[in-house]
Number of protein chains: 2
Amino acid sequence: MTEPGLRERKKQGTRAALARATLDLAVEHGLAAVTVEQIAARAGVSYRTFFNYFSGKEEALLRPDGGDATFGPHLRDQDPALPVLEAARRAMRAQLQAFDEDQESWRQRLAVLAAAPEALPRVLEIGSTGEREVADAIAERTGQDVDGDLYPALLAAVLGAAFRVSLGRWHALGETRPLAALFDEAVDVLAAGLPAPRTH
Amino acid sequence: MTEPGLRERKKQGTRAALARATLDLAVEHGLAAVTVEQIAARAGVSYRTFFNYFSGKEEALLRPDGGDATFGPHLRDQDPALPVLEAARRAMRAQLQAFDEDQESWRQRLAVLAAAPEALPRVLEIGSTGEREVADAIAERTGQDVDGDLYPALLAAVLGAAFRVSLGRWHALGETRPLAALFDEAVDVLAAGLPAPRTH
DNA sequence: CAGATTTCTTGCACACCGTGCAATCTTTCA
DNA sequence: TGAAAGATTGCACGGTGTGCAAGAAATCTG
């Protein structure tokens, strides 16, 4: 647990500056209209350097901290007596912390995305990168094979789906309800086997 | 219901030729190594024309027929007495017909994808394009609002997830079991509320 | 059938993306 | 303080995707 050191701190600074520049410019002009060159310029680094940190604008927007894989650890922290689904739900909720801690930024990010349908592919990819990790962690917990057995991949994919839908609603509802609550609601429906809703 | 006409037939021909060229070249060299220029050349049209039909290689590979939106109609065909989930499952299965009718092509397509992780973003996008349509159709059936209510978007997303996972397994299992059976199995798990699997 | 009209194709130009490579500068460590 | 490790940068290159305008082909009309 040695402290960061100048080198590491500088890297974090650059990454943060790039992520920030991306967000600001995207809010200002829309993601599509922003070029990597502009982002690099505002962050005070060269065009080329941008790609040392991110694979493209979308990643800079949506993964400002790089891909810290945290679901696995979170899942392992859960009480082994819990059913997988419940354990996974709690592990996922722990991840949602990031949103609560940085609400204003995420509100902006989602607004940018809502206005940038072209960005969808990359966005989804970024979401699905984590899915693999989630599936692995679930397989570990259930003692199954992530490639052979259905359950781990299915649950991971479904959790991802629930997450995306919740995120969409969070934004659509004007952030009036906490993301965690919306996610919980979705998982409740899943746990109940997707019963037909009472139409009003 | 007038018959196609020369113009329309030619368009279909070009589209098919482009899709075919894409598949063949991708099988031969890998998707990443194939350029749009090569595809166009093999199909006997100009580079520029390719983009009149597809937005990129991935779409040419995965949507050879353009986006024929069929889920909505299929869902409307289902007995109104059925629960939504069951109706949606059947509508989805009707869609899977395409795979059975053209197994060999799809086997190749999936093999290409398995070897082309870079293509993931686009692939997912294409999958999610249909998801919107699915959500709309479900909302119509349940009499809900696709933007306000949770259920339609959630079920659509979850069905998409089940489909992708099934497709992955279909390929991983060497196509020994029909896709529809794998999909059914996944939906059964969903309908049961994702109970913890019996570990073996 | 001829001419007008609609629709598709094509070439050109252009801005941008993403990457390999090699030179250079900076931090770290011994 | 000098060598090793790591980051930044410029350069060059092939590829993508799009707007535009000219041309070719199919369709419609009288």
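What you are looking at is a predicted structure, and each value in this text was computed from that prediction instead of being measured. Letters go in sequence order (proteins before strands), and every chain restarts at 1.
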query: Crowded around B:Arg20 CZ? As in, over 12 foreign heavy atoms under 6.0 Å?
result: no
Residues at least two apart in sequence or cross-chain that pass side-chain contact (heavy atoms from CB on, under 4.5 Å) with A:Glu101, listed by chain then number, are A:Gln97
Joint hydrophobic cluster, B:Phe51 plus B:Leu61, side-chain heavy atoms closer than 4.5 Å:
no
Within residues 31-42 of chain B, those residues having any heavy atom closer than 4.0 Å to DNA chain D are B:Thr35, B:Val36
Atom CZ of B:Arg15 and atom C1' of C:dC8 are separated, to the nearest Å, by 13 Å
- Query: Between B:Tyr151 and B:Gln144, is there a donor-acceptor pair closer than 3.5 Å when you use the side chain of the first and the backbone of the second?
  - Reply: no
Donor-acceptor check, side chain of B:Glu131 to backbone of B:Gly160, threshold 3.5 angstrom: yes or no?
no
message = Would the distance check show the side chain of A:Thr49 and the main-chain N or O of A:Val45 forming a donor-acceptor pair, the cut-off being under 3.5 Å?
response = no
- Query: Is the backbone of B:Val34 close enough, under 3.5 Å, to the side chain of B:Lys57 for a donor and an acceptor to pair up by distance?
  - Reply: yes
Separation of C:dT7 atom P from B:Arg9 atom CZ, nearest Å, is 18 Å
Paired runs of 3 or more consecutive Watson-Crick or G-U pairs involving DNA chain D, with both pairing distances under 3.5 Å, are C:1-30 with D:1-30
Checklist line | Co-membership, hydrophobic cluster, residues B:Leu23 and B:Tyr53, 4.5 Å side-chain | finding: no
Within residues 21-30 of chain A, those residues having any heavy atom closer than 4.0 Å to DNA chain D are none
Practice problem: Would you kindly check if the NZ (Lys) or CZ (Arg) of B:Arg15 is within the cone defined by 45 degrees around the ring axis of B:Phe54 and under 6.0 Å from the six-membered ring centre? | Solution: yes
Single-linkage hydrophobic cluster A:Val146~B:Leu167, side-chain heavy atoms < 4.5 angstrom
no
* Using atom types as modelled and distance alone, determine if a side-chain donor or acceptor of A:Glu133 lies under 3.5 Å from a backbone N or O of A:Phe71. => yes
Looking only at side chains, do A:Glu37 and A:Thr35 share a donor and an acceptor under 3.5 Å apart?
no
Dump the pairs, protein N or O against N or O of nucleotides 3-5 of chain C, anything under 3.5 Å, distances to one decimal.
none

>> Please determine whether a side-chain nitrogen of the Lys or Arg among B:Glu58 and B:Arg63 lies less than 4.0 Å from a carboxylate oxygen of the Asp or Glu.
In response: no
Between B:Leu155 and B:Ala88, the two heavy atoms sitting closest are CD2-CB, 4.4 Å
note: B:Phe51, atom CZ; C:dA15, atom P; distance rounded to Å ~ 18 Å
* Between A:Trp106 and A:Phe99, how do the two ring planes meet: parallel, tilted or perpendicular, split at 30° and 60°? -> tilted
When rounded to whole Å, the CZ to P distance for the pair B:Phe54 and C:dT9 reads 12 Å
Which atoms of nucleotides 6-9 of chain D (N or O only) lie under 3.5 Å from a protein N or O atom, and what are those distances?
residue	atom	partner	partner atom	Å
D:dG6	O4'	A:Arg7	NH2	3.0
D:dG6	N3	A:Arg7	NH2	3.3
D:dA7	OP1	A:Lys11	NZ	3.1
D:dT8	OP1	A:Tyr53	OH	2.9
D:dT9	OP2	A:Ser46	N	2.9
D:dT9	OP2	A:Ser46	OG	3.4
D:dT9	OP2	A:Thr49	OG1	2.6
D:dT9	O5'	A:Ser46	OG	3.4

